[in-house]
Trainee: 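Input: one structure, supplied below.
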There are 2 protein chains.
Amino acid sequence: MEKQTVTIYDVAREAAVSMATVSRVVNGNPNVKPATRKKVLEVIDRLDYRPNAVARGLASKKTTTVGVIIPDVTNVYFSTLARGIDDVATMYKYNIILANSDDNKEKEIQVLNTLLAKQVDGIIFMGNHMDDQLREEFKRTRTPIVLAGSVDPENEVESVHIDYVAAVKEAVRDLISHGNDRIAFISGPLSDPINGEYRLKGYKEILAENNIEFDENLIFETDYSYHAGETIWPALAAAGVTAAYVGDDRLAAGVLNSALDAGVKVPEEFELVTSNNSEITQMVRPKLSSITQPLYDIGAVSMRYLTKMMNKEEDVEEDKTILLPYGYVKRASTK
Amino acid sequence: MEKQTVTIYDVAREAAVSMATVSRVVNGNPNVKPATRKKVLEVIDRLDYRPNAVARGLASKKTTTVGVIIPDVTNVYFSTLARGIDDVATMYKYNIILANSDDNKEKEIQVLNTLLAKQVDGIIFMGNHMDDQLREEFKRTRTPIVLAGSVDPENEVESVHIDYVAAVKEAVRDLISHGNDRIAFISGPLSDPINGEYRLKGYKEILAENNIEFDENLIFETDYSYHAGETIWPALAAAGVTAAYVGDDRLAAGVLNSALDAGVKVPEEFELVTSNNSEITQMVRPKLSSITQPLYDIGAVSMRYLTKMMNKEEDVEEDKTILLPYGYVKRASTK
DNA sequence: TTGAAAGCGCTAACAG
DNA sequence: CTGTTAGCGCTTTCAA
């Protein structure tokens, strides 16, 4: 039992054909006489030959692997996207190199470069903020890139996500319809376009449509953690809030428990809706009303989109951004 | 802007040195005169040269990427392990190819083979059951493999995890100390050694030590989902259970809510402890008492262990399994 | 300290 | 339908 590395050459010799022929049968090229194919296949089986993907990649300039940049796998929002990505990647015979970026600019760029060095055929990027530097890096490469569940305000790089503005409007509209007029907007960093531009825009719009004055004191900017929400109630109470829209489920669970632990009745005295409809929304009591997003599908569609770009398929979308449908489910955290 | 692929050859020409020299500076080989190194570095920078990792891999037979087989990234238990793995992988300049297996034997084997075809330098496997077939596949390859948070009952392949038997004993002991003598054991498939062998063993042992007769009707075998727990209360009630040990947090959240929704008082009428101390345990009310496992560390240590094996370091552990410390935190779900 | 040259294992024209 | 022949871009002896 030694460093037995069976190569295509060994197979060719044993089968008494050329390497080219072996290559053909391995790659399913139809131009091979059935008899020879059978013979080669037998030898491959007998020798337990396994094509070396690295050599293949070097020769063909295709690695059948795509890079996936993710802020943190540990966050269900992203891991769900990742699952969708991996599933369709597998479907199309691709593998995924997963790299955590912590949403950190330096890491993102550095990871991007090592992915490129590894010659990935494409890249799926998930992140909360796309800035100019990153956009520049993206433009420097000819490797296709698509953003999954993330937005590029400049709309220069292809992306797939939901219509955040409309979704937030729908959620807040529900709150307004119950008579609330002091509704908190609680989200992660407003510097993330998804919060500061889209969601906030939806929030403001629906307020305006209902003649409710926008009050800056009702905007609560935190991070995405459960912990951030856990201690927020006093601030909400001080602002005279009776309802809240929250941009992240874990954060929402924190907000909910924070209110509950303070003796507040939900939804009687305080209503809240969250944004991702992850399992968490149903594990807490009362269950959380939430915007629903087809996270798995966003990942899946992103990857599908990427395959089209990698194969230079003709029918790539005219528009660079694909919008998937969102929904809204009412549960016990709202009246 | 064309297919500009700058190769090591271009750099060599521009810098008026040989490819070998360029290779040396790129790889930090000390045998290069500072002056030449500087010159080469300048050209590299000017040409924006980026070494092709695939070519490198073919020539050196090292890809600096490791394969990670995971049942489902979407599960925090595993994604936390994965995060630990990725972080130390990055630290050691490795990248990770992440592949979901759904705990499915065929997929596992198939994924293993494509990983091997891609010439990964090592593999980290996470899965609930190691069977003979898989073990055979593992033994066929010379690529180092370590199990993270998973066990090989035969102890033939290296692994890192906690002492499940002892951990369960501690958790159940707490329940017993509160006077409970009809304690349910709720877990995923008993065919998974971690449940059927280790945890169950701990459960039986501590029962025996306290002269409590083992009752098979108190064993509830389900899957790992939240949903599975959500409907379990009637069965528990029928069995006259007053406490339960649960093998998975999501499952535990389901069990808890199932009891709560049936009007049962926790912990007054029903106590329960769970196993992974994920964030979920603190999001539900009452918060769940739980065994604590250093999940991130298990991932990190696994990867560190793997690097040692890949570098054939001398001081690889004598024993094939590394046990990390566990803990137990009491919260409101137990008296 | 540096260079020449032989591969690594496979694909992809190009002939035949 | 099959074989020949170049590489793909880099590492790695072996000499110098």
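Chain naming here is simple, since letters A, B, ... match the order of the sequence lines and numbering starts at 1 in each. What you see below is based on every heavy atom in this structure, not just the backbone, and it leaves out hydrogens, waters and symmetry mates.
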Trainee: Whole angstrom is fine here: how far is it from NZ in Lys62(B) over to P in dC8(C)?
Mentor: 17 Å

Trainee: Would you classify Val17(B) as touching base, sugar-phosphate or nothing, given that sugar-phosphate means primed atoms plus P, OP1 and OP2, and contacts are heavy atoms under 4.0 Å?
Mentor: sugar-phosphate

Trainee: Round to the nearest Å and state the distance from Asp10(B) atom CG to dC10(D) atom C1'.
Mentor: 13 Å

Trainee: Using OP1 and OP2 only, check whether a side-chain N or O of Thr36(A) sits under 4.0 Å from dT2(D).
Mentor: yes

Trainee: Are Lys61(A) and dG9(D) close enough that a side-chain N or O sits under 4.0 Å from OP1 or OP2?
Mentor: yes

Trainee: How close or far is atom C1' of dC10(D) from atom CD1 of Ile44(B), stated in whole angstroms?
Mentor: 13 Å

Trainee: Within the distance-only criterion (no hydrogens, no angle test), does the side chain of Asp121(B) pair as donor or acceptor with the backbone N or O of Thr64(B) below 3.5 angstrom?
Mentor: yes

Trainee: Do the side-chain N or O atoms of Thr7(B) get closer than 4.0 angstrom to the phosphate oxygens (OP1, OP2) of dC8(D)?
Mentor: no

Trainee: Verify the contact: side-chain N or O of Ser18(A) to OP1 or OP2 of dT2(D), cut-off strictly under 4.0 Å; return yes or no.
Mentor: no

Trainee: Round to a whole Å and report the spacing from CG of Asn31(B) to P of dG3(C).
Mentor: 13 Å

Trainee: Is the distance from the ring center of Tyr224(A) to that of Tyr77(A) below 6.0 Å?
Mentor: no

Trainee: Measure from the side chain of Ala20(A), starting at C-beta and using heavy atoms only, and say which of dT12(D), dT4(D), dC10(D) lies closest.
Mentor: dT4(D)

Trainee: Which nucleotide in the list dG9(C), dT1(C), dC10(C) gets nearest to the side chain of Thr5(A)?
Mentor: dG9(C)

Trainee: Do Arg304(A) and Thr307(A) pair up side chain to side chain, a donor and an acceptor below 3.5 Å, judged on atom types alone?
Mentor: yes

Trainee: Has Thr21(B) got a side-chain N or O lying under 4.0 Å from the OP1 or OP2 atom of dT2(C)?
Mentor: no

Trainee: Does any N or O in the side chain of Asn128(B) come within less than 3.5 Å of the main-chain N or O of Asp192(B), such that one atom is a donor and the other an acceptor?
Mentor: no

Trainee: Whole angstroms only, please: what is the CG-C1' distance between Asn27(B) and dT12(D)?
Mentor: 11 Å

Trainee: Starting from C1' on dG9(D), measure out to OH on Tyr49(B) and report it in whole angstrom.
Mentor: 7 Å

Trainee: Provide, to the nearest angstrom, the distance between the CZ atom belonging to Arg24(A) and the P atom belonging to dT2(D).
Mentor: 8 Å

Trainee: Between Arg37(B) and Pro51(A), which has a closest nucleotide on DNA chain C that is more 5'?
Mentor: Arg37(B)

Trainee: Got a second to check how far Leu81(A)'s CG is from Ile298(A)'s CD1, nearest 0.5 Å?
Mentor: 6.0 Å

Trainee: Give the rounded distance in Å between these two atoms: CZ of Arg56(B) and P of dC8(D).
Mentor: 18 Å

